[in-house]
Every structure is written in structure tokens, then in C-alpha cells.
Amino acid sequence: METVANVLVGLVAALHAYILVLEMFLWQKKPGRGLHGFDEEMARATAPLAANQGLYNGFLAAGLVWGLIAADPTGFDAQVFFLCCVVVAGVYGSVTANRRILFAQALPGALALAAVLVAR
């Protein structure tokens, strides 16, 4: 079960690294604009906000990677903390921005968190 948990944590970290790239570097390009259906003007106007969000997603990814490479109990604690952050951010985003975030962010985080706790 530990291997499954580590793979799920790694996938959630990779997801958040991808979100970092999308929001910080591709926001004004087709992949970023397509995420929310923004035209070029709206993407340009919202780019600083998206970059800020992307940075936060990068911190989540970094924390999860730290949790994967650190020895226990620090590794376990870091995984639990950052996965809880992912779930809370996903739930908040689904309520305030777009319901899809619940399935794209909170659900993977919750599944990884459950696996980490069960593997303990």
C-alpha cells in the first residue's frame, strides 16, 4: 500500500507542477486561455493573478515532493499537511470559482491522503 500511496502523492505533485507551468508561463497562450475560455485581452488582464496562483501550486508540489523524499516521521507529516492543503484549496476553489476543481484537484488529493493514512 505504501507504493500506491507514494505513486498517488507523486501524481498529485505532478498535477500541481503542471498547474504551475500552465498558470505562470502558458496563461496567455492557447493552453492557458483554453482552460477558462479567455480571449487574449482577458488572459493578459488576469495573468498576474494566474501567476500568483501558479506559484502557490508550485509550493504544494514542492511540499509533496519533500514529503516523498524526507524520512519519516517528517515525510509522513509533510505529505499529510500538504495533501490537506490540496484538498482544502480544491474544495474552496470548487465553491468560489468552478465546480470542476473539486474533481480535478480535491478528489485526487483526498485519494492520495487516504492512501497515505492507510499505508501508515
Side-chain angles (χ1 to χ4, degrees):
M1 189 62 184
E2 185 175 345
T3 300
V4 171
N6 287 340
V7 167
L8 291 175
V9 171
L11 289 172
V12 173
L15 171 65
H16 286 275
Y18 171 72
I19 294 170
L20 173 145
V21 171
L22 190 66
E23 292 178 340
M24 292 189 79
F25 304 110
L26 301 176
W27 192 253
Q28 296 183 61
K29 296 179 176 23
K30 191 173 183 177
R33 290 192 325 260
L35 184 65
H36 293 290
F38 289 166
D39 60 20
E40 289 182 30
E41 183 179 334
M42 180 62 93
R44 188 172 31 262
T46 59
L49 298 171
N52 188 39
Q53 290 177 179
L55 185 62
Y56 282 94
N57 279 287
F59 290 138
L60 292 173
L64 291 171
V65 169
W66 172 43
L68 286 171
I69 63 175
D72 285 336
T74 301
F76 173 79
D77 292 342
Q79 289 179 38
V80 170
F81 173 78
F82 283 99
L83 288 169
C84 286
C85 290
V86 166
V87 173
V88 169
V91 170
Y92 183 79
S94 73
V95 170
T96 61
N98 189 317
R99 185 174 287 169
R100 291 182 308 184
I101 297 171
L102 185 66
F103 302 103
Q105 182 178 354
L107 181 61
L111 292 173
L113 179 60
V116 166
L117 293 174
V118 168
R120 180 74 164 161

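The structure places CG of N6 at 11.5 Å from CG of L64, a figure rounded to the nearest 0.5 Å.
Hydrophobic cluster membership for L15: I19 (Ile, Leu, Val, Met, Phe, Trp, Tyr linked by side-chain heavy atoms under 4.5 Å, directly or transitively).
Each side chain to side chain donor-acceptor pair (under 3.5 Å) pair with one or both residues in residues 12-21, not counting sequence neighbours, appears once here: H16-N57. Applying the side chain to side chain donor-acceptor pair (under 3.5 Å) definition to pairs two or more places apart or across chains, none involves residues 73-87. The ring pair (Phe, Tyr, Trp, His ring centres under 6.0 Å) analysis of residues 59-115, with sequence neighbours excluded, yields no pairs.
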Could you pull out all donor-acceptor pairs under 3.5 Å where a side-chain atom in residues 41-51 meets a protein atom, sequence neighbours excluded?
| residue | atom | partner | partner atom | Å |
| --- | --- | --- | --- | --- |
| T46 | OG1 | W27 | NE1 | 2.9 |
| T46 | OG1 | M42 | O | 2.8 |
| T46 | OG1 | A43 | O | 3.4 |

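Within the 3.5 Å criterion, the main-chain N or O of D39 finds no donor-acceptor partner in the side chain of R33.
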Under the side-chain contact (heavy atoms from CB on, under 4.5 Å) rule, what do V80 and L117 come out as? Steps first, then yes or no, please. CA-CA 8 Å; V80 170; L117 293 174; 4.0 Å; yes

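Taking the side-chain contact (heavy atoms from CB on, under 4.5 Å) definition, one finds that V4 meets it with M1, L8, sequence neighbours left out.
Transitive grouping of hydrophobic side chains (ILVMFWY, heavy atoms separated by less than 4.5 Å) brings L113 and V86 into a common cluster.
Summarising the geometry of A106 relative to V91, their closest heavy-atom pair is CB-N, 3.9 Å, with the distance given to 0.1 Å.
The shortest side-chain heavy-atom distance between P108 and L11 does not fall under the 4.5 Å cut-off.
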